[in-house]
Amino acid sequence: MLVYVVEDDPGISEIECYSLKSNNYKVKPLFTAEELRKAIKDKIPDLIVLDIMLPDDDGISVVEKLRKNEKMKKIPIIFVSAKSSEIEKVKGFDAGADDYLTKPFGIMEFNSRIKALARRAGIEDCDNNKKKEYLSAGNIFIDEGKREVYCNKELIVLTYKEFELLKYLIINRGIVLSRDKIMENVWGFDFQGESRTVDMHIKTLRAKLGKEKEIIKTVRNVGYKII
């Protein structure tokens, strides 16, 4: 499945593209409405992730124009915007968008929205369905299908929570994750443990990663991130 990511903020674009690539989607980053128009002439995408506030045009106007094109009428489009008011969302949907995600957003929600759009449109990539989901960072490789983790090509044994913690960190690679955020997404909303639980699991995870442990960085007074 080919996804065009139209976002003028390089940092956000990189996060979105990395997330999509991690899920085996083909991605083309674009930074202006004009770049999108040129790209569409070359190849019609399967889905578009579109920022509303672009430097050369308004995202609402872009979608309205795209929907007038017979070939673009049914292409799923999701707005990702800092505009969070109800009226802005209504404008987005009225223009022809299929979904609307407000910034700042969580990577897991972003992934879920993309997958839901693909399912509804019936355009999930056949290759995606055949492939198992793989994640990697440095010399660390995760086979989600088998729930196996390899470090420098050697299989390492992780507990269930260590596996989920490592996977969550890699999915959000480059993003500083607070202890509360990690607790919420790895242990669940109802988990009543202390943030020390996260620190202990990071400690045991680093020990098992050996020389690759340096990939997990501690951000003082905040949490952790994978570089």
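Numbers here are sequence positions counted from 1.
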Going only through I, L, V, M, F, W and Y residues with side-chain contacts under 4.5 Å, is there a path from [X] to [Y]?
X	Y	value
V222	I107	no
V219	V186	no
I215	V176	no
L205	I227	yes
I75	F93	yes

Please examine the side chains of [Y] and [X], heavy atoms only from C-beta on, and report whether any two atoms are closer than 4.5 Å.
X	Y	answer
Y150	N139	no
E7	F31	no
Y168	K181	yes
E16	F105	yes
L50	I78	no
L166	I170	yes
L177	Y224	no
L155	V149	no

Practice item. Let me see the working for R179 and D199 under salt bridge (Lys or Arg N to Asp or Glu O under 4.0 Å), right down to the final yes or no. Key: CA-CA 8 Å; R179 291 175 176 80; D199 297 334; 2.8 Å; yes
Exercise for review: Go through the steps for L30 and V5 under the test side chain to side chain contact (heavy atoms under 4.5 Å, CB included), then give the verdict.
Suggested key: CA-CA 6 Å; L30 305 165; V5 174; over 6 Å; no
Check your understanding: Among L2, I77, L20, I114, which residue meets the side chain to side chain contact (heavy atoms under 4.5 Å, CB included) test with L47?
Key ->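 By the side chain to side chain contact (heavy atoms under 4.5 Å, CB included) criterion, L47 pairs with just one of L2, I77, L20, I114: I114.
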Identify the two heavy atoms, one from [X] and one from [Y], that lie closest to each other, and give their separation to 0.1 Å.
X	Y	value
C151	I140	SG-CG1, 4.4 Å
E64	A95	CG-CB, 3.8 Å
D99	R113	OD1-NH1, 3.0 Å
Y4	P45	CD1-CG, 3.5 Å
S136	Y18	O-OH, 3.4 Å
P55	D8	CD-CB, 3.7 Å

Atom pair [atom1] ([X]) and [atom2] ([Y]), whose distance is rounded to the nearest 0.5 Å:
X	Y	atom1	atom2	answer
L158	T204	CG	OG1	8.5 Å
K203	T218	NZ	OG1	12.0 Å
L169	I216	CG	CD1	6.0 Å
L117	I48	CG	CD1	11.5 Å

Looking only at atom types and distance, does a side-chain atom of [X] sit under 3.5 Å from a main-chain N or O of [Y], one as donor and one as acceptor?
X	Y	value
Y134	I142	no
N172	K225	no
E164	Y160	no
S13	D9	no
K208	V157	yes
D56	A33	yes
S81	K83	yes
N23	S19	yes

Salt bridge flag under 4.0 Å for residues [X] and [Y]:
X	Y	value
K26	D46	no
D98	R67	yes
K167	E162	no

Practice item. Before giving the answer on salt bridge (Lys or Arg N to Asp or Glu O under 4.0 Å), spell out for K217 and E214 the whole-Å C-alpha distance, their side-chain angles and the decisive distance to 0.1 Å. Key: CA-CA 7 Å; K217 295 297 182 183; E214 296 301 325; 3.8 Å; yes
Point to revise | Test log, rule side chain to side chain contact (heavy atoms under 4.5 Å, CB included), inputs I44 and M72 | key: CA-CA 8 Å; I44 301 292; M72 295 299 299; 3.8 Å; yes
Practice item. Would you sort out whether E70 and K73 count as a salt bridge (Lys or Arg N to Asp or Glu O under 4.0 Å), showing the intermediate values? Key: CA-CA 6 Å; E70 192 64 34; K73 281 186 176 180; 3.2 Å; yes
Exercise for review: Check step by step if side chain to side chain contact (heavy atoms under 4.5 Å, CB included) holds for I52 and V80.
Suggested key: CA-CA 7 Å; I52 287 183; V80 180; over 6 Å; no
Exercise for review: Take V6 and L54 through the test side chain to side chain contact (heavy atoms under 4.5 Å, CB included) and record every step on the way to the result.
Suggested key: CA-CA 8 Å; V6 191; L54 296 172; 3.9 Å; yes
Exercise for review: Report the C-alpha distance between R37 and D57 in whole Å, list the side-chain angles of each, state the deciding distance to 0.1 Å, and finish with yes or no for salt bridge (Lys or Arg N to Asp or Glu O under 4.0 Å).
Suggested key: CA-CA 11 Å; R37 284 189 280 268; D57 204 349; 3.6 Å; yes
